[in-house]
Chemist: 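Please see the structure below; I have some questions.
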Amino acid sequence: MGSIGVFDSGVGGLSTLHAIRQAYPDEHLMYVADSGHAPYGDQAASAVIARAQAITHFLLDAPCKAIVVACNTASVVALPALRAMTSVPIIGMEPAIKPATLATRTGVVGVLATTRTVQSESVQRLIAQFGGSVRVMLQAAPGLVERVEQGYLADEHTRDLLTHYLTPLLAAGIDQLVLGCTHYYFLRPLITSIVGGGVTVVEPAEAIARQLGARSNLIAGGRVLEASAAAALQTPHAVTGGFAFYSSANDLPQAERILSQLWGDGLAGRLQQLPV
Ligand code: DGL
């Protein structure tokens with residue numbers, strides 16, 4: 001037994017949580033929003049690793065039988081350190097560069113992500129591995145995580161920021177836009193309205209739902225999940241269901257309002273202070 005733990009620097013990972021809930025309705029899920037320490041993407045790798053380790057300790061103590069790092073930034077810098085802590089499966093995510101490079105017709109792919117993710121070795125490795133003759137344009141997008149954390153998903157300032165980041169990518173002729181940060185999922189309607197119908201927006205939440213729903217051993221943007229992890233996630237006799245939500249935000253009522261806005265059902269009165 002045990003829960004499935006899911007964490008992010010804040011509310012972005014709710015998109016992944018939703019996909020997991022769809023696929024595993026009987027599992028007990030724990031979600032940690034580390035909003036008191038967001039954004040991760042503007043911090044030193046060592047600071048992100050320290051937070052990811054503290055949250056992983058908390059989830060392991062719960063106990064959790066699998067942990068999903070629903071944050072590209074934490075995944076690209078902290079996964080080896082987290083996996084060294086435990087034999088419990090730790091599932092990470094990385095920008096969906098591979099499917100985008102396979103799908104492009106213009107030969108130009110845009111990746112919108114945090115500064116830390118854009119500068120990571122993982123992303124360089126993905127480009128080296130799958131880029132081929134495709135031009136992969138990396139665009140760091142500081143400020144967007146904060147807009148989502150504050151619940152500003154469609155206002156003028158958020159639109160201006162997005163327009164600023166997307167204009168060079170559009171000018172270069174992208175036809176695939178990879179959302180390399182789970183927070184950006186919640187900006188998708190605005191992003192789509194800016195990039196128009198000629199650009200496919202690629203993000204992993206639906207792929208996770210598909211793969212988990214099929215009880216496959218693939219998860220998180222095409223990433224291969226070890227067989228043990230796939231087995232651990234499948235507990236056909238468990239009927240526990242349910243959620244526990246934790247946040248490190250200083251203003252818990254405000255955090256609960258934003259989480260409720262994004263999660264969309266019965267979170268009221270259920271958000272607990274993260275003790276780490
Ligand atoms: N949702 C996180 C990601 O996927 C945001 C990181 C941040 O806090 O900057 O990268």
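In listed order, ligands and their atoms are each counted from 1.
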Chemist: Specify side chain, backbone, both or neither for Asp8, according to which of its non-hydrogen atoms lie closer than 4.0 Å to ligand 1.
Modeler: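 The side chain, only.
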
Chemist: Using modelled atom types and a 3.5 Å cut-off, is there a donor and acceptor pairing between side-chain atoms of Ser248 and backbone atoms of Gly36?
Modeler: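 Answer holds: yes.
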
Chemist: What residue and heavy atom of the protein are closest to atom 6 (C) of ligand 1, and at what distance?
Modeler: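 Here the nearest protein heavy atom works out to Thr73 OG1, 3.3 Å.
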
Chemist: Looking only at heavy atoms, what is the nearest atom pair of Thr114 and Cys181, with distance?
Modeler: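 Thr114 and Cys181 have their closest heavy atoms at CG2-SG, 4.1 Å.
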
Chemist: Report the part of Thr182 in contact with ligand 1, treating N, CA, C, O as backbone and CB onward as side chain, heavy atoms under 4.0 Å; options are side chain, backbone, both, neither.
Modeler: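 Both the backbone and the side chain of Thr182 come within reach of ligand 1.
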
Chemist: Just checking Tyr246 against Phe7, ring centres under 6.0 Å apart?
Modeler: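 No: the rings miss the under 6.0 Å criterion.
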
Chemist: Among all protein heavy atoms, pick out the one at the shortest distance from atom 7 (C) of ligand 1; state its residue, atom name and that distance to 0.1 Å.
Modeler: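 The protein heavy atom lying closest is Tyr40 N, 3.1 Å.
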
Chemist: Tell me if a side-chain donor or acceptor on Gln43 pairs with a main-chain N or O of Val48 at a distance below 3.5 Å.
Modeler: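 Here the side-chain-to-backbone pair does not exist.
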
Chemist: One residue to check: Thr114. Relative to ligand 1, which of side chain, backbone, both or neither has a non-hydrogen atom less than 4.0 Å away?
Modeler: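 For Thr114, the contact with ligand 1 is made by the side chain alone.
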
Chemist: Could you tell me if the ring centre of Phe243 sits under 6.0 Å from that of Trp263?
Modeler: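 Ring centroids of Phe243 and Trp263 are less than 6.0 Å from each other.
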
Chemist: With the threshold set at 4.0 Å, does a side-chain nitrogen-carboxylate oxygen contact exist between Arg51 and Asp34?
Modeler: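 Judged by the 4.0 Å cut-off on N to carboxylate O distance, Arg51 and Asp34 do form a salt bridge.
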
Chemist: Would you check whether Ser9 reaches within less than 4.0 Å of ligand 1, judged by its heavy atoms?
Modeler: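 Yes.
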
Chemist: Closer than 4.0 Å to some heavy atom of Cys181 - which atoms of ligand 1 meet that?
Modeler: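 Selected atoms, number and element: 1 (N), 2 (C), 3 (C), 4 (O), 5 (C), 10 (O).
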
Chemist: Numbering the atoms of ligand 1 from 1, which are under 4.0 Å from a heavy atom of Gly41?
Modeler: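 That gives atoms 7 (C), 8 (O), 9 (O) of ligand 1.
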
Chemist: Find the distance between NE2 (His18) and CG (Leu29) and round it off to the nearest 0.5 Å.
Modeler: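 Going from the NE2 atom of His18 to the CG atom of Leu29 covers 12.0 Å.
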
Chemist: Need the ligand 1 atom indices (1-based, order shown) with element for anything under 4.0 Å from a heavy-atom of Val145.
Modeler: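 Counting from 1, the qualifying ligand atoms are 5 (C), 7 (C), 8 (O), 9 (O).
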
